[in-house]
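Before any comments, here is the structure.
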There are 2 protein chains.
Amino acid sequence: MATIHDVAHLAGVSKSLVSRYLNDQKGVSPESTLKIIAAIKELNYRPNGIARSLVLQKTHTIGIVVDDLCATFIFRLIEGLERGAEDFDVDEKYNIIFCNSNGDVQRKQRHLNFLMNGRVDGIVLYGSLVYDDTMIQQLVHSNFPLMLIENDIEGTDVNKVVIDNIGGAFMATEHLINLGHRRIAHIGGNMNLKITLDRMNGYVRALQRYNVPVDQSLIIFPDFSDVDEWKKRDEFMSQNLYFDRGYVEMKKLIEKNQVPEAIFFATDLSAFGAIKAMNEVGLRVPEDVSVIGFDDEFRAAGSFNCKPVTTMMQPLKQAGYVGIQKLVYSLGHPHAAKERILLNTELVVRESTCANKRLASAEQDTRV
Amino acid sequence: MATIHDVAHLAGVSKSLVSRYLNDQKGVSPESTLKIIAAIKELNYRPNGIARSLVLQKTHTIGIVVDDLCATFIFRLIEGLERGAEDFDVDEKYNIIFCNSNGDVQRKQRHLNFLMNGRVDGIVLYGSLVYDDTMIQQLVHSNFPLMLIENDIEGTDVNKVVIDNIGGAFMATEHLINLGHRRIAHIGGNMNLKITLDRMNGYVRALQRYNVPVDQSLIIFPDFSDVDEWKKRDEFMSQNLYFDRGYVEMKKLIEKNQVPEAIFFATDLSAFGAIKAMNEVGLRVPEDVSVIGFDDEFRAAGSFNCKPVTTMMQPLKQAGYVGIQKLVYSLGHPHAAKERILLNTELVVRESTCANKRLASAEQDTRV
DNA sequence: GTGCGACGTCATGGATGGTTGCCATGGACG
DNA sequence: CGTCCATGGCAACCATCCATGACGTCGCAC
């Protein structure tokens with residue numbers, strides 16, 4: 001591989017002059033320019049970014065660490081991140097590189113070390129596993145430029161974009177209550193995720209707010225203890241797992257003859273699974289059971305022959321966009337105050353929720 | 001940020017001794033070791049990977065460039081790549097970083113330049129757009145360590161893993177022919193992808209091989225000229241596009257009253273869309289129309305309330321695994337011969353194909 | 001007892017491929 | 001003749017690795 005030294009030698013100038021040419025600095029005569037161009041071409045020279053980063057103490061790169069790059073709604077985050085980076089600096093765009101930990105803590109730590117060893121100027125971390133906390137704390141204390149997305153770790157001064165899961169779950173439950181439902185179940189997600197707890201929290205708060213008694217038997221957390229086993233399968237996708245858990249828990253409710261009037265699911269995927277279980281025994285959605293999900297999985301919109309599902313949309317694209325812009329900004333302004341940016345979810349009403357039968361017939365009564 | 005120099009200074013030794021300690025080399029006395037450890041801890045020192053890479057001329061990193069990181073079957077590739085890298089070198093695992101071009105050629109070029117400027121030891125490139133050819137050719141000629149996956153560029157000496165799309169399409173069509181179908185349509189994908197042409201090719205060859213006349217009106221290529229417009233949409237996913245195209249083309253066939261006995265789709269997603277269109281008018285799959293797809297989209301297996309679809313499985317995980325292992329191997333053996341590794345697809349029979357009605361009734365006749 | 005080589009430990013300094021501040025040169029111009 | 005500016009070279013620097021050799025100790029053979 002040719003170096004700047006080779007180019008300078010061939011062109012008959014000093015390497016500092018070649019460097020100036022490469023960086024569009026003035027003070028390079030037309031003749032020198034021509035000679036340098038010819039030399040570069042002949043040697044097929046390309047500047048070594050590593051050496052450049054070393055001396056400039058700047059990589060112009062942001063690393064993204066994600067637990068599950070294959071989660072289907074991640075595409076929104078990715079798109080937001082890339083657009084955000086491109087819009088921030090039109091002249092010299094930041095490079096974005098992804099690392100996928102696949103939920104493996106060791107792999108995640110390895111990726112973080114790798115990136116922090118000078119590979120990138122800043123890191124965006126998406127997701128929040130409960131057992132990650134120590135690692136994240138260390139990360140924060142290392143003072144490395146950081147942006148947490150969907151990880152509302154407490155008691156630390158750090159940039160983060162958080163999505164109001166409690167509020168979203170509140171709104172979802174409120175929506176069901178407003179439709180006249182009272183026996184409302186909640187089928188949660190993996191309890192190792194903080195968002196899972198938040199969503200349950202919002203559910204409970206909504207019930208309390210509207211004086212609906214909280215029935216512990218209607219708060220269901222599927223067993224995720226066999227996750228590691230699932231991961232060893234040849235074709236693991238977390239989505240299949242969530243789908244399966246929704247299906248299994250719904251079957252249980254059916255067998256125990258405890259089907260509620262409405263269900264708030266912590267993830268759309270579990271809702272899909274549950275709908276499948278209900279279809280199998282002739283339960284109709286939403287006529288018999290109203291169903292609301294969370295995430296706005298793109299399938300929720302009704303593609304692929306699934307029933308369009310009412311859900312809470314997460315503004316993940318916006319989160320990526322805002323997050324990376326704030327991060328890049330803070331690279332240029334090291335003393336800028338850290339921020340906690342809160343984004344709200346949005347209720348998307350589709351076809352899986354409707355007014356409660358009791359309410360509907362009561363209304364009819366009054367009309368007649 | 002503390003440097004090795006600071007550590008050496010604080011520990012009262014030379015920086016080369018610190019370096020020896022860091023690299024587990026012998027020749028560091030116990031006392032020195034203790035002093036160095038203390039200094040590292042006190043300064044919160046972490047070695048600078050950039051400087052390290054510069055002097056070692058080695059980054060221990062592989063870059064992956066993908067056109068569409070969000071395509072749903074990519075997860076197989078990712079898993080294959082990571083497992084392959086981890087299995088190859090257990091002691092010091094290669095780092096893997098992803099770059100997502102999102103089908104944007106400029107972005108792709110930018111990513112490639114970035115990676116080739118010394119950021120990584122080798123590059124894995126997945127996918128093959130027709131208009132990429134010049135770029136890939138240049139890349140190959142640059143002699144940078146490279147592994148192409150699903151890009152069977154011709155006339156070049158380069159490592160690649162290719163999947164036998166022609167053979168797969170042949171088998172898919174053969175499957176339909178064996179079921180007694182004669183009027184078999186083909187609905188293709190985006191003609192900017194080479195695999196699209198290969199799949200059509202295999203379809204035609206199978207028809208010819210079994211003396212089924214090729215009917216040009218049954219070879220349908222949806223219009224993808226508005227892709228760029230779709231991409232500008234807020235929530236673009238290529239999968240929605242393919243679904244839509246299958247739906248639209250199927251509607252056309254229905255309206256023109258030209259519904260065939262069987263259809264071979266270049267992608268499962270288009271098959272899903274077409275099935276939706278058929279459902280809407282009461283056409284049954286497979287009783288009225290047999291449908292076979294390609295890719296083995298994980299939804300094809302019947303999750304999410306879709307009908308389980310017969311399809312050709314792409315061994316993408318294997319492709320990633322084999323590909324990165326060969327690449328890493330060739331980094332250690334610069335003169336190893338380049339290879340073209342061919343992987344075969346596999347027919348997965350599910351519920352969207354069945355014997356032709358004619359055939360079925362004929363069989364019954366003979367039985368009676 | 002002495003000379004010599006082996007060995008453990010460590011510092012020095014050059015190398016990796018760039019960038020940049022400073023200074024030298026030389027021609028134009030007032 | 002003094003000043004200014006365009007041009008371009010020198011050398012230090014970024015953080016690390018490593019080849020070389022210095023230095024002292026020790027064992028062994030003569």
Side-chain angles (χ1 to χ4, degrees), chain A residues 1-40 43-61 92 113-121 144, chain B residues 1-40 43-61 92 113-121 144:
Chain A
M1 206 59 187
T3 73
I4 198 172
H5 184 264
D6 301 329
V7 173
H9 186 76
L10 184 61
V13 298
S14 75
K15 53 180 189 154
S16 51
L17 198 61
V18 178
S19 170
R20 288 208 188 95
Y21 163 75
L22 290 172
N23 293 295
D24 283 331
Q25 292 173 7
K26 58 178 183 177
V28 184
S29 68
E31 304 112 77
S32 300
T33 303
L34 288 178
K35 284 190 288 182
I36 291 171
I37 291 177
I40 287 179
L43 294 171
N44 195 19
Y45 165 77
R46 47 172 65 241
N48 184 319
I50 291 278
R52 198 156 190 275
S53 292
L54 181 60
V55 60
L56 293 180
Q57 300 285 336
K58 178 107 181 126
T59 63
H60 234 84
T61 309
E92 201 172 344
N113 285 338
F114 166 69
L115 294 175
M116 289 172 69
N117 281 344
R119 298 285 160 187
V120 297
D121 295 337
F144 195 90
Chain B
M1 204 60 189
T3 73
I4 199 172
H5 185 263
D6 302 328
V7 174
H9 186 76
L10 183 62
V13 298
S14 78
K15 50 186 185 145
S16 55
L17 198 61
V18 180
S19 168
R20 285 226 280 282
Y21 164 76
L22 291 172
N23 293 294
D24 282 330
Q25 291 172 9
K26 57 180 185 179
V28 186
S29 66
E31 305 110 79
S32 299
T33 302
L34 287 177
K35 284 190 288 183
I36 291 172
I37 290 177
I40 287 179
L43 294 172
N44 196 18
Y45 164 78
R46 49 172 65 241
N48 184 319
I50 291 279
R52 198 157 192 276
S53 292
L54 181 61
V55 60
L56 292 181
Q57 303 281 15
K58 177 105 183 131
T59 62
H60 236 82
T61 308
E92 201 172 344
N113 285 338
F114 167 69
L115 294 175
M116 289 174 68
N117 282 344
R119 296 286 160 186
V120 296
D121 296 338
F144 195 89

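The chains referred to below are lettered A, B, ... by the order of the sequence lines, with proteins before strands, and numbering in each begins at 1. Being a predicted model, the structure only gives us computed values, none of them experimental. Heavy-atom basis, side chains included; hydrogens, waters and symmetry copies ignored.
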Q) DNA chain C: stems of at least 3 consecutive Watson-Crick or G-U pairs, cut-off 3.5 Å? A) C:1-30 with D:1-30
Q) Within a radius of less than 6.0 Å around NE2 of A:H60, do more than 12 heavy atoms belonging to other residues, nucleotides or ligands occur? A) yes
(Q) List the residues meeting side chain to side chain contact (heavy atoms under 4.5 Å, CB included) with A:S19, not counting sequence neighbours, and say none if there are none. (A) A:I4, A:N23
Q | chain A contact limits on DNA chain D, taken 5' to 3' with a cut-off of 4.0 angstrom to heavy atoms | A | D:dT7 to D:dA15
Q | Pairwise 5' ranking along DNA chain C for B:V13 and B:Q57, keeping only the more 5' one | A | B:V13
(Q) Considering only residues two or more places apart or on different chains, which pairs with a residue in residues 50-59 of chain A satisfy salt bridge (Lys or Arg N to Asp or Glu O under 4.0 Å)? (A) A:K58-A:D121
Q. Is a side-chain donor or acceptor of A:R20 paired with a backbone partner of A:V28 at a separation under 3.5 angstrom?
A. no
**Q.** Heavy-atom protein contacts under 4.0 Å, nucleotides 18-23 of chain C, coded B base, S sugar-phosphate only, - none
**A.** BBBBB-
**Q.** Which residues share a side chain to side chain contact (heavy atoms under 4.5 Å, CB included) with B:N117, sequence neighbours left out
**A.** A:R46
Q: Report the residues that fulfil side-chain hydrogen bond (donor to acceptor under 3.5 Å, both in side chains) with A:T61, sequence neighbours left out, ordered by chain and then residue number.
A: none
Q: Can you sort out the partners of B:Q57 under side chain to side chain contact (heavy atoms under 4.5 Å, CB included), two or more places apart, ordered by chain and number?
A: none
**Q.** pair B:Y45-B:L22: side-chain heavy atoms closer than 4.5 Å
**A.** yes
Q: Check whether any side-chain heavy atom of B:V18 lies under 4.5 Å from a side-chain heavy atom of B:V13, and answer yes or no.
A: yes
(Q) Just to be sure I understand the geometry, which residues of residues 29-39 of chain A put a non-hydrogen atom under 4.0 Å away from DNA chain D? (A) A:S29, A:S32
Q: Using the test salt bridge (Lys or Arg N to Asp or Glu O under 4.0 Å), find all partners of B:D6 that sit at least two apart in sequence or belong to another chain.
A: none
Q.
Checking A:I37 now: which residues fulfil side chain to side chain contact (heavy atoms under 4.5 Å, CB included) with it, not counting sequence neighbours?
A. A:Y21, A:T33
Q) Which residue pairs satisfy the salt bridge (Lys or Arg N to Asp or Glu O under 4.0 Å) criterion with at least one member in residues 28-37 of chain A, sequence neighbours excluded? A) none
